[in-house]
Asks: 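Can you keep this structure in mind? I'll have questions shortly.
The analysis underlying the following values was restricted to heavy atoms, covering all of them including side chains, and did not include hydrogens, waters or symmetry mates. Just so you know, these numbers come straight off a predicted model, no measurement behind them. Order of appearance sets the numbers: ligands from 1, and atoms from 1 within every ligand.
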Amino acid sequence: MALLPIITAPDPRLKLKCKPVVRVEGEIRRLMDDLVETMHTAPGIGLAAPQVGVLKRVLVVDIAKEGEEPAPLRMANPEVLWRSDELASFEEGCLSLPDHYADVLRPRECRVRYLDEHGELRELVAEGLLATCIQHEIDHLDGVLFVDHISALKRGMILRKLQKAKKLKEALPA
Ligand SMILES: [Zn+2]
């Protein structure tokens, strides 16, 4: 397994739509494992392939708390089949928008269909934090960030701060 560098916003690569996976085999399985390792190391509770510059519909999530046994889910071609009318708000963050958080309202429950790491078609009903996390990661596959769900004013503020942080980092001597 390998740690992959995570792309941070603003970056045009985070705004692209990803292509479906044709078959879950060696290369995709390796990508899933690398995503899991990168997510756990960050640490984070979700990571999508475009965040490491791979424009494929692959993501991983793991909402196990610190001290709990890790329980990563690996998904290819995830698709939301159903969303609850009831909404829930969580304070979201993102490894591509480090140090920024905002409350985002999303369906409280959803049913998702995906291919697992063995290429098996699976369905999962998720609720609460897991539902939010999966929807946040699927958004990444369509070039959507959590800040796209909040007010333009707040989004602008966060993106400007991230841009400034990037420039500062580039200006620092290596
Ligand atoms: Zn994210």
Asks: Taking L59 as the fixed residue, which of E137, Q51, H140 is the one that meets the side chain to side chain contact (heavy atoms under 4.5 Å, CB included) rule?
Replies: E137

Asks: In chain order, what residues pass the side-chain hydrogen bond (donor to acceptor under 3.5 Å, both in side chains) check against R74, with sequence neighbours excluded?
Replies: D33

Asks: Check this for me: does any side-chain nitrogen of one of E109 and R83 sit under 4.0 Å from a carboxylate oxygen of the other?
Replies: no

Asks: At a cut-off of 2.8 Å, list the protein N/O/S atoms near the Zn ion (ligand 1), residue plus atom name.
Replies: C94 SG, H136 NE2, H140 NE2

Asks: Which residues pass the ring pair (Phe, Tyr, Trp, His ring centres under 6.0 Å) test with H149, not counting sequence neighbours?
Replies: none

Asks: Among residues at least two apart in sequence or on other chains, which ones pass side chain to side chain contact (heavy atoms under 4.5 Å, CB included) with T132?
Replies: F90, E92, R106

Asks: Answer whether the closest heavy-atom distance between the side chains of V60 and L73 falls below 4.5 Å.
Replies: no

